[in-house]
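Reading through the structure tokens given below for one structure.
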Amino acid sequence: MGHLGVLLFLLGGLGTLADICEIPEVNSKLVETLGQRLLPWIDWLSLEHLNPSIYIGLRLSSLQAGAREAFYLHILKLKYQQSFLSPRLAVNDDNRDDQAKPSMGQLALYLLALRANCEFVGGHKGDRLVSQLKRFLENEKRAIGPNHKGHPRTSYYQYGLGILALCVHQKRLHDTVVGKLLYAVEHDHHLHRDHLSVDTVAMAGLAFTCLDDSNFNPSQRHRITLAIRTVREKILKAQTPEGYFGNVYSTPLALQLLMNSFMPGEKLGTACLKARTALLASMKDGAFQNALLISQLLPVLNGKSYVDLISPDCEAPRVLLQPAMENPSQTREVISVMLKVPSVLPPYRHSISVPPGSSLEDVFKKAQELGGFTYGMQNTLSGPYLTSVMGKEVGEREFWQLLRAPDTPLLEGIAEYTPKNGETIELRLVSW
Ligand code: B12
């Protein structure tokens, strides 16, 4: 019996029912299909598209990409060292997501990727990266302000990611830095404004779990333990009737947090099994096409979470991925999609014809070719992010929201969402 088993047994003996979140093994063919979708990304070694999450996801999964995987890490190292250590490039310390310079969250993911290869960041170069990440967090702490009235320049999601990355490298942070995230979880209105709160809360919970497991910030121990409990409760409360925690795409991170945890009562185990069933159904429906999300899901299907990067098992056997067979489908049919941007003058509203299976980005391209519609994008780890429409760039804490009429926000980005015939897509500039 493991430690957890002993604890559950003892709690049972004391008459308290405790429940554990376990994810039984998933069909290996299904997992492999997901993994295969990462291979083109690993082979596509463009500096702009390098994504440390993909490396982390693979290393925490039951799959491997052989020599390509090692080469990918090598290129990641070149990129991140060049970006942060090259004297020619001035360091952008203000955490803004400027395209040329990786953001705080991206640096954090890179440090997590190093841990996924069982490396501790060290030496002169490594220390500078750690200092850089600490500086980013200090700046964010200042942006939030002494009375917690402000907001991080990036997001609480990236703030949590930063704390987690330093923690798995056994780097301690000042109580005041951790305190900002604790406060945000304790007073959750701050996180609600921060987009889908389940992803953000789950990331905060992973960071706190790491601090707790590592015995860091001892004077805040009680608050950290309570915050982990609060996060678990929030996530359980966010379960939908289908079984997702938040939505389908926040469920992997939510499960990373809940997995292997236990709670008094009987809710947890059932909730996790229900989430697993919902995830499997959506995987079979082809919901997970996005490399970033696949990389958050693969660890869960292998019973792992980012917190396992405290002491990763780099010797664990993993199955070598083989590229999938392509079967391109050719069709002459077309569908029409209504594209509208009501907030511009004159309002834009046009029906666009595209082949079935086209992405929203294909619809945008076609609309732009036809004239009267323009858009701009920025590449991110989640894919192309819409930054401007009809020349209108987003301002501070604004974004172009994608909706299906009348009022349903899309769960995918422009590269992945495939509109159906007759659908109306609205682009709306909103604050977050
Ligand atoms: C914070 C956040 C936002 C913020 C980003 C602003 C900011 N300054 O941080 C806001 C509120 C604006 C936002 C918007 C959207 N988001 Co969002 N977001 C996140 C969240 C919680 C964290 C992202 C992050 O910081 N990653 C870490 C850093 C290091 O990586 P990064 O690549 O540098 O981060 C940038 C991108 O992630 C980008 N971004 C944020 N969301 C999305 C969504 C898509 C599709 C793309 C391409 C990029 C993108 O903003 C980040 C900061 O620049 C993730 C959760 C997750 N599990 O990843 C969801 C998440 C990525 N978002 C999601 C969605 C659906 C959206 C929207 C499409 C919603 C909508 N209907 O309009 C829009 C994007 C529309 C557009 N203009 O293209 C989904 C994506 C699902 C998928 N299939 O890919 C996620 C996974 C949440 C979820 N569980 O549903 N988001």
Side-chain angles (χ1 to χ4, degrees), residues 52-53 55-57 59-60 80 84 95 102-123 126-141 144 152 154-186 191 199-232 253-254 256-261 295-296 299 304-314:
S53 279
Y55 184 84
I56 304 166
R59 292 300 303 247
L60 289 175
Y80 279 83
F84 288 106
N95 299 323
S103 61
M104 171 173 79
Q106 292 175 0
L107 174 58
L109 283 169
Y110 169 65
L111 293 185
L112 288 172
L114 291 181
R115 263 325 271 142
N117 190 39
C118 291
E119 291 179 44
F120 273 113
V121 62
D127 290 347
R128 279 177 62 194
L129 291 180
V130 168
S131 305
Q132 175 65 47
L133 185 49
K134 286 190 170 176
R135 222 165 26 241
F136 272 151
L137 281 166
E138 282 291 337
N139 288 345
E140 290 293 56
K141 184 186 89 177
I144 298 167
T154 59
S155 59
Y156 278 108
Y157 182 92
Q158 293 199 30
Y159 199 92
L161 206 48
I163 295 181
L164 175 66
L166 289 168
C167 172
V168 300
H169 278 278
Q170 293 176 13
K171 302 291 175 198
R172 288 161 197 269
L173 278 162
H174 202 273
D175 281 349
T176 53
V177 175
V178 175
K180 293 290 174 212
L181 193 61
L182 282 169
Y183 185 93
V185 167
E186 291 159 355
L191 292 169
D199 302 77
T200 305
V201 160
M203 187 52 81
L206 289 168
F208 295 145
T209 308
C210 179
L211 295 175
D212 195 36
D213 288 1
S214 314
N215 286 326
F216 286 177
N217 304 84
S219 62
Q220 287 177 309
R221 190 152 196 123
H222 183 60
R223 266 179 95 189
I224 291 175
T225 319
L226 273 184
I228 296 172
R229 201 182 304 160
T230 307
V231 165
R232 282 189 201 133
L253 275 185
Q256 282 201 30
L257 177 85
L258 294 177
M259 240 174 17
N260 303 322
S261 69
S295 70
Q296 294 181 347
K304 302 267 182 230
S305 84
Y306 289 169
V307 178
D308 286 296
L309 296 174
I310 296 178
S311 48
D313 179 2
C314 288

Can Y159 and T154 be said to form a side chain to side chain contact (heavy atoms under 4.5 Å, CB included), step by step? CA-CA 8 Å; Y159 199 92; T154 59; 5.7 Å; no
Are any non-hydrogen side-chain atoms of R223 and L226 less than 4.5 angstrom apart? no
R135/E138 ion pair, N-O < 4.0 Å: no
Test item: S131 and R128 side chains (from C-beta on) under 4.5 Å apart, heavy atoms: no
Let me confirm one number: the CZ-OG distance from R229 to S261, rounded to the nearest 0.5 Å. 12.0 Å
Atom of L60, atom of K304 and distance for their closest heavy-atom approach: O-CG, 3.6 Å
Side chain to side chain contact (heavy atoms under 4.5 Å, CB included) between L114 and Y80: does it pass, once the steps are laid out? CA-CA 11 Å; L114 291 181; Y80 279 83; over 6 Å; no
Under the side chain to side chain donor-acceptor pair (under 3.5 Å) rule, collect the residues that match up with N217, sequence neighbours excluded. D175
Using side-chain heavy atoms (C-beta onward) and a distance below 4.5 Å, is Q158 in contact with S103? yes
Worked check of side chain to side chain contact (heavy atoms under 4.5 Å, CB included) between I144 and Y183: CA-CA 11 Å; I144 298 167; Y183 185 93; over 6 Å; no
Pairwise distance CZ(F216) to CD1(I163) - rounded to 0.5 angstrom: 12.5 Å
Side-chain donor/acceptor of D308 to backbone N/O of S305, under 3.5 Å: yes
Between I224 and F208, what is the shortest heavy-atom contact and its length? CG2-O, 3.6 Å
OH/Y110 to CG/L133 distance, rounded to the nearest 0.5 angstrom? 12.5 Å
Restricting to non-hydrogen atoms, name the atom on C210 and the atom on L164 that form the minimum distance, rounded to 0.1 Å. CB-CD1, 3.8 Å
So CG of L109 and CD1 of I56: to nearest 0.5 Å the spacing works out to 5.0 Å
For L309 and A116, the nearest pair of non-hydrogen atoms, with its separation, is CD2-CA, 3.6 Å
Look only at the side chain of K141 and the backbone of V178, and say whether a donor-acceptor pair between them is shorter than 3.5 Å. no
Between I310 and S214, what is the shortest heavy-atom contact and its length? CD1-OG, 3.9 Å
Write down the atom of Y306, the atom of V168, and the distance for their closest heavy-atom approach. O-CG1, 4.1 Å
I228 and side chain to side chain contact (heavy atoms under 4.5 Å, CB included): which partner among L206, L211, D212, V185? D212
To the nearest 0.5 Å, atom NZ of K134 lies from atom CG of L166 at 6.5 Å
Is the shortest heavy-atom distance from the side chain of R221 to the side chain of N215 under 4.5 Å? yes
Where do L112 and R115 land on the side chain to side chain contact (heavy atoms under 4.5 Å, CB included) test, with the steps shown first? CA-CA 5 Å; L112 288 172; R115 263 325 271 142; 5.5 Å; no
Keeping H169 on the side-chain end and K171 on the backbone end, is there a donor-acceptor pair under 3.5 Å? no
Contacts of Q170 meeting side chain to side chain donor-acceptor pair (under 3.5 Å) (sequence neighbours excluded), chain-then-number -> none
Give, for atom CG of L173 and atom NZ of K180, the distance between the pair rounded to the nearest 0.5 Å. 14.0 Å
Does a side-chain heavy-atom distance below 4.5 Å link R232 with L257? yes
